[in-house]
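Data block below; observations after.
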Amino acid sequence: MKTLKKLFPFELNFKSVFSRVLSGWFITALMFLVLFPDAAENVEAIAGYSFGLFVLCFLLITAILFRVESETVTGAILASFSTLYFVVAAAFGNSDWFSVGLCLAAAAVFVFAEVRIPDVVRSKKGLLVVASVCFVLFTVIVGTVCCLYYRNNQTSCFDFGLFSQMFFYMKETGKQLVTCERDGLLSHFAVHFSPVYYLMLPFYCLFPKPETLLFLQAAVVASGVFPLLLLCGRLKIPPKLSAVLLLCFSLYPAFWGGCFYYLHENCFLVAFLLWLFYFYEKGSTAGIVIFTVLTLSVKEDAPVYAAVAALYFLCARKNVRQSALMLLLSVVYFFAVTAWLSKYGNGVMTGRFGNLIYEDGGFASMLKTVFQDPVLAVREAFEEEKLLYFVQATVVLFFLPLMIKKPERLILLIPLVLFNLVPDYGYQHKMGYQYGFGSGTFLIYLSALNLAEQENGEKREKHSLLALACAAIVFFGLFSGKLSYVKDYVNTAGERAAIENALSCVEADCCVAASAFYVPVLSGRKTLYELETTKHLEECDYIVIDMRRNFDEKLLKKEGYSIVEYVENVIAVLKKEVLN
C-alpha cells in the first residue's frame, strides 16, 4: 500500500486516473497537431509523424501527471489543454458543424475535470479591469482587422461605401444623403430610419476618414461589457463568474461577425439593450426611458426589440407602469415609422419575410400567417442552415440561455426566432452578418439571468468555464481565417500603391462611377455611383474599373472616354473626353 502511495500520490479511482491519462493524451495530441496541422482534416497527414514517437511522448507526459497530487491542478490541466486542443483543431478545421462537434466533445471532457475558477477577480475593481481590457482588446483587434480589409480595397459599396459617403454628406450638410445606395441622390432615411448615426458624427468630424467608422463600430459593440458588468452586480453573480461571462461576451461570434461585415446601425443594439436591461433590474425609470428611446432610434425594426423587452418586463411583474409605457411607445413608434417609410421612403423591407407573407401584404400579413398556420412558421425555422445558427448562437454559452426556469423568460427568445430563424433572407441566419447583434444581446441577458439562479458550487463554475471554452472554440473556428487579412495586407503592398496612384488622378469634385470595391475609398465626394448597377454612366466624368474581379471588358473601350491610368489585372481609370 505504501508503495502504491509513493507511485500514485492521489486517491486511486477511475475518475482521477482517467483524467490524468486524458490530459496526457490531449497535451501530446496538441503538440502533434501544431506540428502537423493538416491532420485536422486529412488522415494521410498522420503518416508524416511516427506513431512510436507519439506513444513515447504520451507515456512520458502521463507519467509526469501521475506525480501530481492535487485533483484541482490536474483538472485545470485537463480543462485547459483539451480546450486549447479543440480551439486549434477548430481553427485548422474551418467548418461550422465541426466546431459545434468540438464543443460537445469539450463538454464530455469536462465531466472528468475537477475545475474551479481561480479567485483572481474578487472585487468590483477587478471586474472593471477585466471589462476595460475586454473593451480595449475587442476595439483594437476588430477595428484594426477591419481597417486592413478596407485599406486593401476589399470592402464593398454595400455595406460600407454607402455609409462612408453618407457620413461625408453628414459632415458637410448635416443630412444623411447618399448617391451610391439607390443610384441617385436621396436621404438614407428613405431606406432605413436610423437617426442613431448622428451619435457617431462628432467623432467622424474630428477624424473624417472611413477607418474612423470601423473603429467606432467596434467600440460601440465592445462598450456593452460595461452595462453587462453592472447587470451582473445587480443579479448578484459572484465576481469570478461575472468575469467569465464578460469574456464570453467578448468572444461572442455574432458580435465579431457583425463588425467584420463593414458598418451597420444594428451595432448600437448591443450596448443600448444591455443598458436597458440593467436599468430595468435597477428599477430606474429615467434609465428605462432614455435607453428605450435610444433603442428606437437605431432602425425601423428596432422597436420590436424594445417591445419584446417591455413584454418580458410586464410578464415578470416588475416596473409594470414603466414597462406598459415602454411597450406602448415601441408599438406606436414602429407603426409610425413604417407608415412614414411607406409614404415618403422606399417602404419597409418586408421581402425578407416573404416566406410568411401572402397577397403582397406587410407585417400584418405575416402576423396573420403565424396566427393561422403556426406549423408553417415552425417549418421555416427548422431548416438546416437556421438550425446551425441556433446551435451556434447557444452552444457558445453552452446552452445557458435555454436553461430557463421561469416561463416568462421564453419571451426573450423571440428576437432569435423572429429575426434569425423565421426569415428566408439568407444573411439573417449567418454569424458573419449584422443580424445577430440584437438577438445575441438577448441571449447574453438570458445567460446572466439563468446563471444567477444556479446554485453556488463546482457545477456552476464548471458550466461557466465550459461556456467560455465553447465560445473560444466556435470563435476561432469561425474567425481564425480573418488573420489572413494581415498577410494579404503585407503581400499586396505593391498593388495598393498602384491603386492609390491610379485613384489620385480622380478629381474630388467630379462625378464618378466606380466598381463596388473601389466605392469606399472614393466615398468623400458628392456624386458617386456603383458601376455595376448605375444608370447614370453617361453623366460621369470618371469611370473606375476593378480588374481584380469579373468586369465588362467593353467598358475599357467606351466611346467618349480615354484611359488615363491602367494597371493590368488591378485597375483602370477612364476620363470623359472634353470636346473642343
Considering only distance and modelled atom types, tabulate donor-acceptor pairs under 3.5 Å from the side chains of residues 467-479, sequence neighbours left out.
none

Tell me if a side-chain donor or acceptor on [X] pairs with a main-chain N or O of [Y] at a distance below 3.5 Å.
X	Y	answer
N152	Q154	no
S82	A79	yes
W256	S250	yes
T338	F335	yes
E300	F193	yes
N450	L446	yes
S484	G481	yes

Taking all non-hydrogen atoms of both residues, which atom of [X] and which atom of [Y] are closest, and how far apart?
X	Y	answer
L213	L263	O-CD1, 3.8 Å
A307	L327	O-CD1, 3.6 Å
A105	F86	CB-CZ, 3.7 Å
C146	C259	SG-O, 3.4 Å
E211	C147	CB-SG, 3.5 Å
I444	Y252	CD1-CD1, 4.3 Å

For the ring pair F226 and F135, is the centre-to-centre distance below 6.0 Å? yes

So, for H188 and F163, is the gap between ring centers shorter than 6.0 Å? yes

Tell me whether [X] at atom [atom1] has more than 12 heavy atoms from other residues, nucleotides or ligands lying less than 6.0 Å away.
X	atom1	result
N550	CG	no
R548	CZ	yes
W340	CH2	yes

Name all residues meeting the side chain to side chain donor-acceptor pair (under 3.5 Å) criterion together with K430; count only those two or more places apart in sequence or in a different chain, and write none if there are none. none

By side chain to side chain donor-acceptor pair (under 3.5 Å), E281 pairs with (sequence neighbours left out) K318, Y445

Could you list the residues that satisfy ring-ring contact (aromatic ring centres under 6.0 Å, His included) with Y262, not counting sequence neighbours? none

Verify whether one side chain among [X] and [Y] offers a donor that lies under 3.5 Å from an acceptor in the other.
X	Y	answer
Y197	E265	yes
N420	S439	yes
E461	S464	no

Flag side-chain contact, heavy atom, 4.5 Å: [X] against [Y]:
X	Y	value
P520	P210	no
C103	F398	no
L33	F92	yes
Y85	W25	no
F419	V304	yes
L235	F277	no
F26	L78	yes
L231	I237	no

In sequence, state the C-alpha distance, the side-chain angles, and the governing distance for L451 and Q454, and then conclude on side chain to side chain contact (heavy atoms under 4.5 Å, CB included). CA-CA 5 Å; L451 184 63; Q454 289 184 355; 3.8 Å; yes

Sole residue of F260, F158, Y261 in ring-ring contact (aromatic ring centres under 6.0 Å, His included) with Y433: Y261

If you measure from [atom1] on [X] to [atom2] on [Y], what distance do you get to the nearest 0.5 Å?
X	Y	atom1	atom2	value
L273	L294	CG	CG	10.5 Å
L443	L412	CG	CG	9.0 Å
E385	H429	CD	NE2	4.5 Å

One pair to check against side chain to side chain contact (heavy atoms under 4.5 Å, CB included): V220 and M200. What are the steps and the verdict? CA-CA 10 Å; V220 166; M200 285 182 168; 4.3 Å; yes

Chi angles and distances behind the side chain to side chain contact (heavy atoms under 4.5 Å, CB included) call for E530, D183: CA-CA 7 Å; E530 185 184 53; D183 198 33; over 6 Å; no

Begin from the C-alpha positions of E453 and R460 and carry the test salt bridge (charged side-chain N to carboxylate O under 4.0 Å, His left out) through to its verdict. CA-CA 10 Å; E453 291 184 346; R460 179 156 80 155; over 6 Å; no

Could you go through F551 and D546, starting from their C-alpha distance and side-chain angles, then the distance that decides it, and tell me whether this counts as side chain to side chain contact (heavy atoms under 4.5 Å, CB included)? CA-CA 7 Å; F551 69 98; D546 186 355; over 6 Å; no

I'd like to check the salt bridge (charged side-chain N to carboxylate O under 4.0 Å, His left out) partners of E181; sequence neighbours left out, ordered by chain and number. none

Taking salt bridge (charged side-chain N to carboxylate O under 4.0 Å, His left out) as the definition, give me every residue that meets it alongside K462, ordered by chain and number, with sequence neighbours left out. E458

